[in-house]
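Notes follow once the structure below has been shown.
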Amino acid sequence: MKEIFKAVQVTDDVWWVGAIDWNIRDFHGYQTKRGSTYNAYLILADKITLIDTVKAHFRGEMMARIASVVDPARIEYIVSNHSEMDHSGSLPEVIKEVNPEKVFASAVGAKTLKELFTFDREITAVKDGETLSLGNRTLTFMETRMLHWPDSMVSYLNEEQLLFSQDAFGMHLASSERFADECDPAILAYEAATYYANIVLPFSPLVLKLIEKVTAAGLVFRTIAPDHGPIWRKETGGIIGSYAKWAAQRPEARAVVVYATMWHSTEKMARAIGEGLAAGGLHVKLMSMDEVHRSDVAYELMGAGAIAVGSPTLNNHLLPNMADVLTYLKGLKPRNLIGAAFGSYGWSGEAVKEIEEILTEMKVEKAGEGIRARNVPVAEVLTRCYDLGRTMAEKVRCRL
Ligand code: FEO
């Protein structure tokens, strides 16, 4: 193992010692098409410090990477920035193996870790703004509660101006390259945005506050080392700027029409609404839930100005795949959307009302009454769908 898995140098004193998960394809409902990495970092300071660990079954890979640069028994401190198990799953075994002097986490992190695992030692709780001397280096801890768990914090290596940002600024991307500047920019842009849309979006107000806080503090980030995906060592302002843009959720001239269909009637309505939206000057994406994943819808919806949702009625309710994506989207709390519902039915037709209720819960502004078509949408119904698309587009354009 030691000869195969090597640490990768990030700065003079910091090494990446994580693991690459080429195969993971689902993260709690988020489809991770390109796998992921679990990043752990070793600071070779006077007090050798490990920042985060990896999923339990990747412990061997991480320990081998550590051993490629230092005897793991020399690790004196471990910092757990985030207690979710993709970063803490191997922590109990690592503690047994290296026997560090101290393990640090936020106050909520220390409590959460104790609830998740059995430890034979105390976890030392650190406060927001507290510093930890590593001898010739200093770590500053900053709590980032609810970004994206209550325990979350980040650690800043003062002398290197390096931020260990845990889940923030990461992406689910397995690659042989460790640094963002070595990766395909188009893939980075897509995966970073997909990650934000599927994980960080509900916490956007906190992202804006955090960016304000670090800007006011004058903190400089020469390197941002997240817990997933590549490390940002050049132009770190780019990813911070993207987070500021995504968190603001300012609507753009874009619309998403997401629908499910049984015998293509609801699909015909979706196409007519799409034509109306496009005629009204919006860029439109039609997404059939038979063809796309809920994570793709979340990605497309980020920054969109409008959403039209369609489902036929099955046994007095939405089709199951529409209930799935709407439940998912509701949790992600997209904001500043104009919306409408539509769908065909045979004899009862409750789906449109159900969609409208969910859109109201999501704080989506209703563009007009939902449109129902009995069995097959006739020309008059399709004209109403087209007009609804035009109305939605007008309302979006008023907000730009
Ligand atoms: Fe990558 Fe919230 O764990």
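Heads up: numbering here begins at 1 and tracks the sequence. Hydrogens, waters and symmetry mates play no part in the numbers below; they use all other heavy atoms, side chains included. Counting starts at 1 for both ligands and their atoms, in listed order.
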Angle subtended at atom 1 (Fe) of ligand 1 by NE2 of H228 and OD1 of D167, nearest 10°: 90°
Check: G135 main-chain N/O paired with S133 side-chain donor or acceptor under 3.5 Å: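 Checking the backbone N and O of G135 against the side chain of S133, a donor-acceptor pair under 3.5 Å is found.
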Any side-chain heavy-atom pair of E101 and I75 under 4.5 Å: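 A side-chain contact is absent here, since even the closest heavy-atom pair is not under 4.5 Å.
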H148, N/O/S atom nearest atom 2 (Fe) of ligand 1: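 Restricting H148 to its N, O and S atoms, the minimum distance to atom 2 (Fe) of ligand 1 goes to NE2.
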Proximal heteroatom of D86 relative to atom 1 (Fe) of ligand 1 (N/O/S): OD2
Identified ring pair (Phe, Tyr, Trp, His ring centres under 6.0 Å) counterpart of F169 within the set Y243, Y195, F164: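 Of the listed residues Y243, Y195, F164, the ring pair (Phe, Tyr, Trp, His ring centres under 6.0 Å) partner of F169 is Y243.
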Angle subtended at atom 2 (Fe) of ligand 1 by OE1 of E84 and NE2 of H82, nearest 10°: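 It rounds to 100°.
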Derivation of the side chain to side chain donor-acceptor pair (under 3.5 Å) call for H317 and E354: CA-CA 7 Å; H317 291 287; E354 276 191 343; 2.4 Å; yes
